[in-house]
Protein chains: 2
Amino acid sequence: MGGARSSAAGRKEPIERQPVGEGLGGLLRKAARLMARNGFHGASMRDLAKVTGRSLSGLYHYARSKEDLLYLINFHGFTTLVEHGRARGMAFRGPREKLRGFISFHVRYFAAHRDEMRVLMWGTQALSDERARTIRNLKDRYTAILREIVRNVCRSAAKGPVSEKSIDRKTFLLFGMMNWIYGWYSAARHGAPEELAEEIYRTFLYGLSGRRRERRKFPAQEVAPLWN
Amino acid sequence: MGGARSSAAGRKEPIERQPVGEGLGGLLRKAARLMARNGFHGASMRDLAKVTGRSLSGLYHYARSKEDLLYLINFHGFTTLVEHGRARGMAFRGPREKLRGFISFHVRYFAAHRDEMRVLMWGTQALSDERARTIRNLKDRYTAILREIVRNVCRSAAKGPVSEKSIDRKTFLLFGMMNWIYGWYSAARHGAPEELAEEIYRTFLYGLSGRRRERRKFPAQEVAPLWN
DNA sequence: TCCTCGATCGAACGTTCGTTCGTATCCTAC
DNA sequence: GTAGGATACGAACGAACGTTCGATCGAGGA
């Protein structure tokens, strides 16, 4: 009775609170791959069964529905982003070090989990209203973390006051540089993620004609998994 | 007889060469709206019939298939981008003026045709191999235009030589800032497209702590339509 | 030994999908 | 007036979809 069961049915807790075991984890990874390539509606459960080597009905032992899979990818993805993003912000002292840390984490994380991150970017249209709210809330929290960092960098750099509207725009411009990489980045052609992170950091702070100082590389680090 | 017919059937020329009349144009606009929100596979012909006030079978008078709609949105979208992007590059003299012109056009165009541009960004996965090649070719040509501009700006700014890899990365970072706006930009909250274009231009050139010179605004201009 | 329960499967259900077919209406050229 | 093309529609087809159901198998505790 009770305790941790890995079946999808017969649980009392909401699915996002249940631990992601090996079976479900593999499912989510393959599902993210399919959804990233074909979109949520273009990824069929039959395709997922094929690539996971399972039977169609066997999938429903791990998730109650296809929407559950999408929701779990979104929930664990954004939760990990928020947790690590906040931790990165607190691990450094100065505003620019915080910024460097955040960019480094975000870029390496995106490069390591491209399929999942692409699913996150597709929005919450296919989710129920309540779940969409949950995901949007997590996304907003993540955005707020970077905005706060950007705000502090702006204030420490400018002489006069900086408008909130401009901070908002700059935050999204930075997210744009970092998120767009899923569409073109290849480690073989464009260098290691750390290199890319450094280029984004310098571009955002100093622009194309930016100074050549501040040379220290981002330390190569472990990349966090999406679920554990 | 012969000449311009607006029916989908009985034509000899490839569909992308045929003029986009009022009927097909309206169809494409609504289709782009649906596909931008729900993805290609999530946008059904029945939904399209509903929002256009037509019957389901009536849609097939204008396009032979749903894939045709996706292809036409992609083809005319990228074709317009390439044509105007190239024209913008030639309309200015110095490298930085060319860059300013390109950014201004791209941002205003994206802000004016958000749904279509989001469809363009979703990739060519749902298209046939040949059509996917055609679209990728157009996209590559558009990318090359901006890369050439960025290369010249880099060379005119730097003392030493600039690596192609770095130019490549910077080009994509700039595209990232410009393309990401579909996810967050709202003219009411974040200012006019011209203002946003100016901020992207300054950020890309000078970074966050960038100079305040170069104050002249982008001129407010007409935005090109997707098909004519 | 038997019973339970997680894990897995084949078969099928009802729905929705893209597309086709036959037909009807309107406008225009001859 | 009538032939022919553009425009539009309802009904239907076959395929693919997400999901459910009942059964089987194997391991572990009573």
Side-chain angles (χ1 to χ4, degrees), chain A residues 1-12 15 18-27 30-31 34-35 37-73 125-128 131, chain B residues 1-13 15 18-28 30-31 34-35 37-73 125-128 131:
Chain A
M1 21 90 201
R5 292 199 292 171
S6 68
S7 159
R11 287 264 208 161
K12 290 298 176 293
I15 49 167
Q18 301 170 22
V20 177
E22 201 157 327
L24 179 56
L27 229 60
K30 304 272 197 180
L34 285 176
M35 291 182 190
R37 280 164 164 61
N38 308 105
F40 175 73
H41 296 285
S44 74
M45 296 296 272
R46 285 168 174 83
D47 285 346
L48 182 57
K50 218 159 286 173
V51 300
T52 53
R54 295 179 136 86
S55 71
L56 175 59
S57 51
L59 301 178
Y60 289 84
H61 178 67
Y62 292 98
R64 245 186 285 262
S65 70
K66 186 178 160 188
E67 194 218 344
D68 276 13
L69 296 175
L70 177 64
Y71 178 60
L72 287 177
I73 293 169
Q125 207 62 38
L127 292 174
S128 73
R131 289 178 160 182
Chain B
M1 28 109 179
R5 293 199 291 170
S6 70
S7 157
R11 287 266 208 161
K12 291 297 176 296
E13 329 164 280
I15 49 166
Q18 301 171 22
V20 177
E22 201 157 326
L24 180 55
L27 229 62
L28 291 179
K30 304 274 196 178
L34 284 176
M35 292 182 188
R37 279 163 164 62
N38 307 107
F40 175 73
H41 295 285
S44 74
M45 296 296 273
R46 283 168 175 81
D47 286 345
L48 182 58
K50 216 160 287 175
V51 299
T52 54
R54 296 180 135 87
S55 71
L56 174 59
S57 50
L59 300 177
Y60 289 84
H61 177 69
Y62 294 97
R64 246 186 284 264
S65 70
K66 186 179 160 187
E67 193 218 345
D68 276 13
L69 296 175
L70 177 64
Y71 178 59
L72 288 177
I73 293 169
Q125 207 63 39
L127 292 173
S128 73
R131 288 178 161 182

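Chain letters run A, B, ... following the sequence lines, proteins first, then strands; residues in each count from 1.
The CG atom of A:Leu48 sits 18 Å away from the P atom of D:dA16 (whole-angstrom rounding). Rounded to an integer number of Å, the gap from A:His41 NE2 to D:dG18 C1' is 12 Å. In this structure, B:Gln18 atom CD and D:dA6 atom P are separated by 11 Å, rounded to whole Å. Taking atom CG on A:Leu59 and atom C1' on D:dT20, their separation rounds to 13 Å, with Å as the unit. Taking atom NZ of residue B:Lys50 and atom P of nucleotide D:dG10, one finds them 13 Å apart after rounding to whole Å. Straight-line distance from the CG atom of A:Asn38 to the P atom of D:dC17: 11 Å, rounded to whole Å. One can place OH of B:Tyr60 at 15 Å from P of D:dG10, the figure rounded to the nearest angstrom. In this structure, B:Leu56 atom CG and D:dC13 atom P are separated by 15 Å, rounded to whole Å.
The side chain of A:His61 contributes an N or O atom lying less than 4.0 Å from OP1 or OP2 of C:dA7. Phosphate proximity of D:dC9 to B:Arg54: absent, as no side-chain N or O sits under 4.0 Å from OP1 or OP2.
Along DNA chain C, the nucleotide nearest A:Arg46 and the nucleotide nearest A:Gly53 are compared for position; the residue whose nucleotide lies closer to the 5' end is A:Gly53.
At a cut-off of 3.5 angstrom, the base of C:dG10 holds no donor-acceptor pair with the side chain of A:Ser55.
Contact of the B:Leu48 side chain with the B:Leu56 side chain is not registered, since no non-hydrogen atoms from C-beta on lie closer than 4.5 Å.
Taken to the nearest 0.5 Å, the CG atom of A:Leu24 stands 9.0 Å off from the CD atom of A:Gln18. Atom NZ of B:Lys50 sits about 11.0 Å away from atom CG of B:Leu34, to the nearest 0.5 Å.
Closest contact between the side chain of A:Ser57 and the listed nucleotides C:dT19, C:dG10, C:dT8 involves C:dG10. Residue A:Tyr62 has its side chain nearest to C:dA7 when only D:dT19, C:dC17, C:dA7 are considered.
Pairing each heavy atom of A:Ala126 with each of A:Leu70, the nearest pair is CB-CD2, 3.7 Å.
Within the nucleic acid shown, B:Ala43 comes within 4.0 Å of sugar-phosphate atoms alone, with no base atom in reach, counting heavy atoms only.
Salt bridge status for A:Lys30 with A:Asp47: absent, with no side-chain N to carboxylate O gap under 4.0 Å.
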